[in-house]
Asks: 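Input: one structure, supplied below.
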Amino acid sequence: MTCPDRKTAEKIWQQGIKYRLSRPYPFPVFEEYKFHTRGVAKTAEKIASNLPEMDSEKAYVFGLLHDYGKRIGEKEEHKFHGQEGYEQMMMMGYDEVAQICLTHTFADKNFLYEDYSYPLEWLQWAKNKLKNIFYTDYDYLICLCDKFFEGMSMVTIEQRVDGISKRYQLDENKKNMLLHESLELKHYFDVKTGKNIYKLLELE
């Protein structure tokens with residue numbers, strides 16, 4: 001299993017941004033993308049620093065590169081950003097990051113198709129890849145930290161889920177699944193750290 005160091009990860013992150021900006025459809029929310037990915041990186045690093053069994057540097061790298069697949073536009077290229085990130089990282093030889101690019105969208109590898117609004121072919125590809133993946137606490141950590149950012153703000157899980165639901169027009173069942181799953185992740189790390197993650201991140 002391989003993962004780049006922090007300096008290399010920063011270069012890869014910049015390369016992803018440069019590639020997207022060179023496309024016919026540059027980032028519609030460029031500053032938001034930077035805020036989100038750096039925010040997830042810093043948040044993951046902070047939580048991991050409270051867990052002796054985790055490497056906070058690795059957590060930062062995973063957070064920074066979890067959305068590397070957004071170097072392309074999903075709608076424009078008809079391709080799931082998790083697949084793009086996974087394939088690009090595998091080509092670079094960073095299989096640990098490749099896994100994060102995929103798992104951060106699916107906290108449960110045995111997800112139900114009806115719980116997601118993505119095209120069925122994307123979900124089938126993801127489920128096929130996930131069946132041979134063993135989740136670690138880094139996968140769960142990035143899934144959690146991904147839920148703390150909405151627009152240009154750091155928010156609670158409840159606020160983030162509301163934002164996602166409105167943006168993707170999720171029905172009540174999908175919204176409730178996402179909320180329950182995300183709060184379960186928070187509880188998991190509350191217990192592991194012995195702290196309320198919201199307080200740790202100064203969200204309350």
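The shown structure was predicted, so the numbers you read here are calculated from the model rather than taken from an experiment.
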Asks: Is there a continuous path of hydrophobic side-chain contacts, each under 4.5 Å between heavy atoms, that joins Met154 to Met152?
Replies: yes

Asks: Give the intermediate values and the outcome of side chain to side chain contact (heavy atoms under 4.5 Å, CB included) for residues Val61 and Asp5.
Replies: CA-CA 7 Å; Val61 168; Asp5 59 26; over 6 Å; no

Asks: Can you establish whether the number of heavy atoms outside Phe134 located under 6.0 Å from its atom CZ is more than 12?
Replies: no

Asks: Kindly compute the distance separating OG (Ser56) from NZ (Lys58), expressed to the nearest 0.5 Å.
Replies: 11.5 Å

Asks: Please name all residues satisfying side-chain contact (heavy atoms from CB on, under 4.5 Å) with Ala59, sequence neighbours left out, ordered by chain then number.
Replies: Ala44, Ala48, Tyr138, Leu141

Asks: Assigning hydrophobic clusters by single linkage (Ile, Leu, Val, Met, Phe, Trp, Tyr; side-chain heavy-atom cutoff under 4.5 Å), is Met177 placed with Leu112?
Replies: no

Asks: If every non-hydrogen atom of Lys175 is compared with every non-hydrogen atom of Ser165, which pair is closest and at what distance?
Replies: CG-OG, 3.2 Å

Asks: Applying salt bridge (charged side-chain N to carboxylate O under 4.0 Å, His left out), can you list everything that pairs with Lys79, at least two apart in sequence or on another chain?
Replies: Glu84, Glu87

Asks: Indicate yes or no for a side-chain donor-acceptor contact from Thr156 to the backbone of Gln159 under 3.5 Å, with no hydrogens or angles considered.
Replies: yes

Asks: Tell me every residue that passes side-chain hydrogen bond (donor to acceptor under 3.5 Å, both in side chains) with Gln14, counting only those two or more places apart in sequence or in another chain.
Replies: none

Asks: Which pair of non-hydrogen atoms, one from Pro28 and one from Arg20, has the smallest distance, and what is that distance?
Replies: CD-NH2, 3.6 Å

Asks: When you measure from the side chain of Thr8 to the backbone N and O of Pro4, does any donor-acceptor pair fall under 3.5 Å?
Replies: no

Asks: Which side-chain N or O atoms in residues 119-133 pair as donor and acceptor under 3.5 Å with protein atoms at least two apart or in another chain?
Replies:
residue	atom	partner	partner atom	Å
Lys127	NZ	Phe111	O	2.4
Asn128	OD1	Lys131	NZ	3.1

Asks: Given the side-chain rings of His66 and His81, with only the six-membered ring counted for Trp, is the space between their centroids under 6.0 Å?
Replies: no

Asks: Does Lys46 offer a backbone N or O that forms a donor-acceptor pair with the side chain of Ser49 under 3.5 Å?
Replies: yes

Asks: For the residue pair Val40 and Gly63, what are the closest heavy atoms and their distance?
Replies: CG1-CA, 3.8 Å

Asks: Verify the ring-centre separation between Tyr86 and Phe80: is it less than 6.0 angstrom?
Replies: no

Asks: Please check if Val155 and Val29 belong to a single hydrophobic cluster, counting links between Ile, Leu, Val, Met, Phe, Trp and Tyr side chain heavy atoms closer than 4.5 Å.
Replies: no

Asks: Can you list everything that forms a side-chain hydrogen bond (donor to acceptor under 3.5 Å, both in side chains) with Ser117? Sequence neighbours excluded, please.
Replies: none

Asks: Salt bridge check: are Glu45 and Arg6 linked by an N-O gap of less than 4.0 Å?
Replies: yes

Asks: Roughly how far apart are His180 NE2 and Leu178 CG, rounded to 0.5 Å?
Replies: 11.5 Å

Asks: What's the verdict on ring pair (Phe, Tyr, Trp, His ring centres under 6.0 Å) for Phe189 and Tyr140, showing C-alpha distance, side-chain angles and the deciding distance?
Replies: CA-CA 9 Å; Phe189 283 101; Tyr140 296 126; 7.6 Å; no

Asks: Is there side-chain contact between Phe30 and Ile17, with at least one heavy-atom pair below 4.5 Å?
Replies: yes

Asks: Atom CG of Leu64 and atom NZ of Lys42: how far apart are they, to the nearest 0.5 Å?
Replies: 10.0 Å

Asks: How about Met92 and Ile12: do any of their side-chain heavy atoms sit closer than 4.5 Å?
Replies: yes

Asks: Whether Arg160 engages the ring of Phe148 as a cation-pi pair (distance to the six-membered ring centre under 6.0 angstrom, angle to the ring normal within 45°) should be assessed.
Replies: no

Asks: Can you sort out the partners of Phe35 under ring-ring contact (aromatic ring centres under 6.0 Å, His included), two or more places apart, ordered by chain and number?
Replies: Phe149

Asks: Judged by atom type as modelled, is there a donor-acceptor pair below 3.5 Å linking the side chain of Asp67 to the main-chain atoms of Lys70?
Replies: no

Asks: Would Lys192 and Ile47 count as a side chain to side chain contact (heavy atoms under 4.5 Å, CB included) if you check the C-alpha gap in whole Å, the side-chain angles of each, and the deciding distance to 0.1 Å?
Replies: CA-CA 10 Å; Lys192 286 189 73 72; Ile47 295 174; over 6 Å; no

Asks: Looking at CG of Leu203 and CD1 of Ile197, how far apart are the two atoms once the value is rounded to the nearest 0.5 Å?
Replies: 10.0 Å

Asks: For Glu76, does the CD atom sit with more than 12 other heavy atoms under 6.0 Å from it, leaving out its own atoms?
Replies: yes

Asks: Residues sharing Tyr25's hydrophobic cluster, by side-chain heavy-atom contacts under 4.5 Å among ILVMFWY, directly or via others?
Replies: Tyr19, Ile72

Asks: Tyr33: what forms a ring-ring contact (aromatic ring centres under 6.0 Å, His included) with it, not counting sequence neighbours?
Replies: Phe27

Asks: Begin with the C-alpha distance, continue with both residues' side-chain angles, and end with the deciding distance and a verdict on side chain to side chain donor-acceptor pair (under 3.5 Å) for Thr136 and Asp139.
Replies: CA-CA 5 Å; Thr136 72; Asp139 295 288; 3.2 Å; yes

Asks: Is it true that atom CD of Gln169 has more than 12 heavy atoms of other residues, nucleotides or ligands lying nearer than 6.0 Å?
Replies: no

Asks: Does Glu158 come within less than 4.0 Å of Lys186, counting only side-chain N to carboxylate O?
Replies: no

Asks: To the nearest 0.5 angstrom, please state how far the SG atom of Cys101 sits from the CD atom of Gln83.
Replies: 12.0 Å

Asks: Just checking, Arg71 and Trp13: is the charged tip under 6.0 Å from the six-membered ring centre and within 45° of the axis?
Replies: no

Asks: Quick check: does any side chain N or O of Thr2 sit under 3.5 Å from a backbone N or O of Gly93, one acting as donor and the other as acceptor?
Replies: yes

Asks: Thr105: what forms a side-chain hydrogen bond (donor to acceptor under 3.5 Å, both in side chains) with it, not counting sequence neighbours?
Replies: none

Asks: Can you list the steps and then say if Asp162 with Leu179 is a side chain to side chain contact (heavy atoms under 4.5 Å, CB included)?
Replies: CA-CA 9 Å; Asp162 279 343; Leu179 180 60; over 6 Å; no

Asks: Strictly distance-based, threshold 3.5 Å: is any side-chain N or O of Asp115 a donor or acceptor partner for the main-chain N or O of Lys174?
Replies: no

Asks: With Glu172, which residues qualify under side-chain hydrogen bond (donor to acceptor under 3.5 Å, both in side chains), at least two apart?
Replies: none

Asks: Give, for atom OG1 of Thr37 and atom CD of Glu32, the distance between the pair rounded to the nearest 0.5 Å.
Replies: 10.5 Å

Asks: Do Thr103 and Ile142 have side chains that approach each other closer than 4.5 Å (heavy atoms only, starting at C-beta)?
Replies: no

Asks: Do Tyr198 and Asp190 pass the side chain to side chain donor-acceptor pair (under 3.5 Å) test, and can you show the C-alpha distance, the side-chain angles, and the key distance before you say yes or no?
Replies: CA-CA 9 Å; Tyr198 281 169; Asp190 284 345; over 6 Å; no

Asks: Is it the case that the side chains of Glu10 and Tyr60 hold a donor-acceptor pair, with the cut-off being a distance below 3.5 Å and no angle test?
Replies: yes

Asks: Are His187 and Leu183 packed together at the side-chain level, in the sense that at least one heavy-atom pair is separated by less than 4.5 angstrom?
Replies: no

Asks: Got a sec, which residues hit side-chain contact (heavy atoms from CB on, under 4.5 Å) with Lys199, two or more places apart in sequence or on another chain?
Replies: Asn196, Glu204

Asks: Does Met91 sit in a hydrophobic cluster with other residues, and if so which ones, taking ILVMFWY side chains as linked at heavy-atom separations under 4.5 Å, directly or through other members?
Replies: none

Asks: Could you pull out the closest heavy-atom pair between Tyr188 and Asp137, with the gap in Å?
Replies: OH-OD1, 2.6 Å

Asks: Keeping His104 on the side-chain end and Ile100 on the backbone end, is there a donor-acceptor pair under 3.5 Å?
Replies: yes

